[in-house]
Every structure is written in C-alpha cells, then in structure tokens.
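First the structure, in the form of structure tokens, and then the observations on it.
Keep in mind that the numbers below use all heavy atoms, side chains included, and drop hydrogens, waters and symmetry copies. This is a predicted model, so every value here is computed, not measured.
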Amino acid sequence: MPAKNIKGFGTYAGTQLWFGLSSWQSMIYYRDYKVNTINNIEDHKAHMLGIATKYLYRPSKSIDIYIGGGFSTWDGQNAKTKKFTKDHAFNIITGITKYF
C-alpha cells in the first residue's frame, strides 16, 4: 500500500505442537491502523487480518522439510486510481532446510 504515514497497532498469536522432531505451527494476526494516503486522505481507517499454518517434518536433526499456507485480507489503495479497496492473498510455501 503506498502510504505517507501509518499509525496503529498489531497483535499476533501462534502455537507450535511437537511430534517427536516434527511440528505443526499456526498463527493468526490482526492490524488496525490509520493511514494518510497518496491522494491526501488523512487518517483513513484500515485493517489487516491473516492466518497461516505450516507442517515441519524433520527426518533428522539437521534437515527440515516443510509445507504451509496462509490467507490474508487487507484494505489497500490502488496507486493508479487512488481508490481504497479490500484485497486478499493466498500463499503456499514449501522447502527444505539443511543445518550445518
């Protein structure tokens, strides 16, 4: 979101459950803020909400294999039209980490 100034707060909560070396991780977050926009709207009230989860498989102490996903929604300003709209995103992640 192109913005001149953002004021507000955010809160996050998460959990992690272990199954031997593997784990399941989840989180939720919320942000409430006021923003001064690129077309000089002062203190436009906006918010963001998101959830995410990830499964982490550890076949050994030095290798992590993970897959996860998340969804978020937020208020955003279009840089061309300068209108505020609600937007959303869905993400999927996967990967391998090797510890040396």
Side-chain angles (χ1 to χ4, degrees):
M1 168 185 353
K4 295 178 182 177
N5 192 14
I6 298 175
K7 297 176 189 173
F9 72 93
T11 184
Y12 299 80
T15 187
Q16 183 173 16
L17 302 173
W18 286 92
F19 310 101
L21 291 175
S22 301
S23 68
W24 188 278
Q25 304 164 353
S26 295
M27 71 171 285
I28 185 168
Y29 59 91
Y30 177 76
R31 296 179 191 159
D32 188 27
Y33 54 94
K34 291 181 181 177
V35 58
N36 295 337
T37 68
I38 58 177
N39 58 334
N40 297 322
I41 298 172
E42 292 190 19
D43 294 333
H44 177 83
K45 188 160 177 61
H47 70 276
M48 174 183 276
L49 177 66
I51 58 171
T53 189
K54 176 173 78 169
Y55 178 71
L56 182 73
Y57 173 67
R58 289 194 172 139
S60 71
K61 290 184 179 182
S62 64
I63 297 175
D64 293 345
I65 301 169
Y66 57 89
I67 185 166
F71 177 79
S72 60
T73 181
W74 65 91
D75 298 332
Q77 187 178 25
N78 185 302
K80 292 181 182 178
T81 65
K82 301 196 178 13
K83 291 182 181 179
F84 251 83
T85 60
K86 294 192 180 294
D87 206 349
H88 64 278
F90 180 75
N91 299 298
I92 296 175
I93 60 165
T94 186
I96 298 173
T97 304
K98 168 69 175 150
Y99 300 98
F100 295 96

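- Taking K7 as the reference, nothing meets the side chain to side chain donor-acceptor pair (under 3.5 Å) condition, with sequence neighbours excluded.
- I67 and I51 fall into different hydrophobic clusters, where Ile, Leu, Val, Met, Phe, Trp and Tyr side chains are chained together by heavy-atom contacts under 4.5 Å.
- Among all heavy-atom pairs drawn from W18 and G20, the shortest one is CE3-O, 3.7 Å.
- Nearest heavy atoms, A46 versus D75: CA-OD2, 3.1 Å.
- Remark: D87 pairs with no residue by the salt bridge (Lys or Arg N to Asp or Glu O under 4.0 Å) rule, at least two apart or across chains.
- Hydrophobic clustering (side-chain heavy atoms under 4.5 Å, transitive across Ile, Leu, Val, Met, Phe, Trp, Tyr) keeps M27 apart from Y55.
- Put simply, OG on S22 and OH on Y57 are 6.0 Å apart, with the number rounded to the nearest 0.5 Å.
- In this view, Y30 satisfies the ring-ring contact (aromatic ring centres under 6.0 Å, His included) rule with no residue, not counting sequence neighbours.
- At a threshold of 4.5 Å between side-chain heavy atoms, the hydrophobic network of Ile, Leu, Val, Met, Phe, Trp and Tyr places I93 and F90 in two separate groups.
- More than 12 heavy atoms of other residues, nucleotides or ligands sit less than 6.0 Å from atom NE2 of H47.
- Under the 4.5 Å side-chain heavy-atom criterion for ILVMFWY residues, no single connected hydrophobic cluster contains both I96 and Y99.
- Evaluation of the side chain to side chain donor-acceptor pair (under 3.5 Å) rule for K45 yields D32 as partners, not counting sequence neighbours.
- Residue pairs meeting the salt bridge (Lys or Arg N to Asp or Glu O under 4.0 Å) criterion with at least one partner in residues 53-74, sequence neighbours excluded, are R58-D64.
- With values rounded to the nearest 0.5 angstrom, L49 atom CG is found 5.5 Å from I28 atom CD1.
- Scored by the side chain to side chain donor-acceptor pair (under 3.5 Å) test, T15 finds no partners at all (sequence neighbours excluded).
- Under the 4.5 Å side-chain heavy-atom criterion for Ile, Leu, Val, Met, Phe, Trp and Tyr, I65 and W24 are members of the same hydrophobic cluster.
- Within the model, atoms OG of S60 and CG of L21 stand 8.0 Å from one another, a figure rounded to the nearest 0.5 Å.
- A donor-acceptor contact closer than 3.5 angstrom is absent between the side chains of W74 and S72.
- At least one donor-acceptor pair closer than 3.5 Å links the side chain of T94 to the backbone N or O of Y66.
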